[in-house]
Amino acid sequence: MVPPARVRAIRTSLLRWYDAHEQPFPWRSARDPYAAMVAAVAAQQTQMARVLEIYDRWMAAFPTLPVLAQAGRDEVLRVWGRAGYPQRAAYLHQAAQHCVEEHGGALPPDPEALLALPGVGPFTAAIIRTFGFGEDAAAVDTNVVRVIGRVLFGDLQPARETPAAAVGAMAERLLPPGEAARWNPALMDYGALVCLPRPRCQACVLASVCAARPRFQAGETAEPVRAQGAWEGSDRQWRGRIMAHLRQRGPTTVSALMRHLRPGQERARVRGLLDGLQRDGLAWVRGARCGLGDPPAEDGPG
DNA sequence: AATGCGGGGGA
DNA sequence: TCCCCAGCATT
């Protein structure tokens, strides 16, 4: 059990730090659930410098949920561009259509209804509730896991060492009632700027209350949570190449696609990846032709 | 619990 | 080079 005085000390120190280091991202003050969802989905496994660009481009093209719902999948994927994990764009598109059909064209405030949306998990739902609806919800991302795991449990690499359930329970306990819209970004920014994988304990405003006393050794760093496969020659690289070409080029033929990609001996493999993209709702294949997003409507009977 | 899923920037 | 990134869905 964490003593209430310690909870208060952590809250006070972190919020004071946040007052001086807040990053004024537009979706934090917009009070727009849709804007919060776009930002949260764009932020999945993506650094904030890139999220800002994606967000501006996306909101300019699809300023509201109904506008997004009406757009074509190909346009959605082109606006997403090279932001990575294009399935996220398809999820946003599907979520918008779901909200139009089931929730009157707006995002629902209930956690259960939010979690039912494609691409919306615990973190994104908490961001939507916090920034979009002004409700209290603990947003636990990779940064928050690190800060809580270190400050409350004294673990250098909490993603590996601290049980997720323990981190989650502590995140709920720490959340200052009525202040999630400040508290969540404070925790996340602190993990991104101070309590990094290689911690900067010298600059830490929580050192006096941190469970890692007096501090981690200089140069200590968390080990990777998951091993990283090679990028060169990977399925992901090929999928990215296919998508890049389909975005740039209009509807085309599979032969022309292959001619451009030059898969060599890997032609069958790349052809299989194109089918995978179709299953993911990112590309279509009809006979010899293919393209971005959904297939063009059939104009004959049948 | 483990894996698939982009792309870019930084050490 | 390798690691990191405001995760989620699927198996």
Side-chain angles (χ1 to χ4, degrees), chain A residues 18 22-23 25-28 35-55 77 80-92 94-95 114-132 137-148 157 159-160 163-165 167-168 171 180-181 183-193 195-200 219 221-247 272-273 276-277 279-283:
Chain A
Y18 183 62
E22 172 186 0
Q23 296 184 274
F25 296 135
W27 55 88
R28 288 183 176 178
M37 176 175 72
V38 171
V41 171
Q44 291 168 13
Q45 295 293 285
T46 305
Q47 281 148 344
M48 294 313 294
R50 302 185 64 201
V51 173
L52 279 168
E53 303 172 17
I54 303 166
Y55 177 86
L77 291 170
W80 191 257
R82 304 183 62 80
Y85 291 152
Q87 252 185 315
R88 294 183 292 172
Y91 286 150
L92 284 172
Q94 292 170 9
L114 288 173
L115 290 171
L117 299 173
V120 176
F123 167 76
T124 301
I127 291 296
I128 295 170
R129 296 183 61 202
T130 296
F131 295 138
V140 181
D141 71 339
T142 181
N143 293 304
V144 174
V145 168
R146 203 165 50 240
V147 174
I148 289 181
Q157 32 193 6
R160 300 169 65 99
V167 173
W183 179 250
N184 282 326
L187 264 180
M188 293 188 287
D189 287 356
Y190 202 72
L193 298 174
C195 202
L196 297 156
R198 183 188 297 269
R200 300 181 179 173
T221 184
E223 290 173 34
V225 179
R226 292 171 65 174
Q228 181 123 306
W231 169 253
E232 271 306 313
S234 65
D235 283 359
R236 286 158 77 154
Q237 185 185 39
W238 279 116
R239 276 174 61 108
R241 285 173 176 164
I242 297 172
M243 288 298 290
H245 188 249
L246 294 181
R247 278 196 309 268
L273 291 174
L277 289 170
R279 285 191 292 275
D280 291 340
L282 303 178

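Only heavy atoms go into these numbers, but all of them, side chains included; no hydrogens, no water, no symmetry mates.
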From B/dG6, C/dC5, B/dC5, nucleotide with atom closest to A/Arg88 side chain: B/dG6
A/Gln228 vs A/Leu273, nearer the 5' end of DNA chain B by closest nucleotide: A/Leu273
Nearest-Å distance once atom P is located in both B/dT3 and C/dC3: 16 Å
Span that lies between the C1' atom of C/dC8 and that of B/dG9, in whole angstrom: 23 Å
Side-chain donor/acceptor contact of A/Arg239 with base of B/dG4 under 3.5 Å: no
First encountered from the 5' end of DNA chain C, between A/Met48 and A/Leu117: A/Met48
First of A/Val120 and A/Arg28 reached from the 5' end of DNA chain C, by closest nucleotide: A/Arg28
Touch class at under 4.0 angstrom, heavy-atom based, for A/Phe131 against every strand present: nothing
Short side-chain to backbone donor-acceptor contact, A/Thr46 and A/Gln44, under 3.5 Å: yes
Separation of B/dG4 C1' from A/Trp238 CH2 (nearest whole Å): 19 Å
Separation of atom CH2 in A/Trp231 from atom P in B/dG6, rounded to whole Å: 8 Å
Shortest side-chain distance from A/Gln45, nucleotide among B/dG7, C/dC5, C/dA6: C/dC5
Nucleotide paired to B/dG6 in any strand shown, Watson-Crick or G-U, under 3.5 Å: none
Donor-acceptor pair (no angle test) under 3.5 Å: A/Arg236 side chain, B/dG4 base: no
Gap between atoms CZ and C1', on A/Arg160 and B/dA1 respectively (whole Å): 14 Å
Distance in angstrom units between A/Arg82 CZ and B/dG9 P, rounded: 11 Å
Distance below 4.0 Å between A/Arg146 side-chain N/O and C/dC5 OP1 or OP2: yes
Heavy-atom donor-acceptor pair, A/Thr46 side-chain to B/dG6 base, under 3.5 Å: yes
Closest nucleotide among B/dG7, C/dC4, C/dC8 to the A/Pro197 side chain: C/dC4
Rounded C1' spacing from B/dG6 to C/dC5 in Å: 12 Å
Out of C/dC5, C/dA9, B/dC5, whichever nucleotide has its closest atom nearest the side chain of A/Tyr91: C/dA9
Exercise: identify the closest heavy-atom pair between A/Ala42 and A/Ile54: CB-CG2, 4.2 Å
Whole-Å distance separating the CG atom of A/Leu92 from the P atom of C/dA9: 12 Å
P atoms of C/dA9 and B/dG8, separation to the nearest Å: 25 Å
Side-chain N or O of A/Thr124 closer than 4.0 Å to phosphate OP1/OP2 of C/dC8: yes
Nearest non-hydrogen partners of A/Gly119 and A/Val41, listed with the distance: O-CG2, 4.2 Å
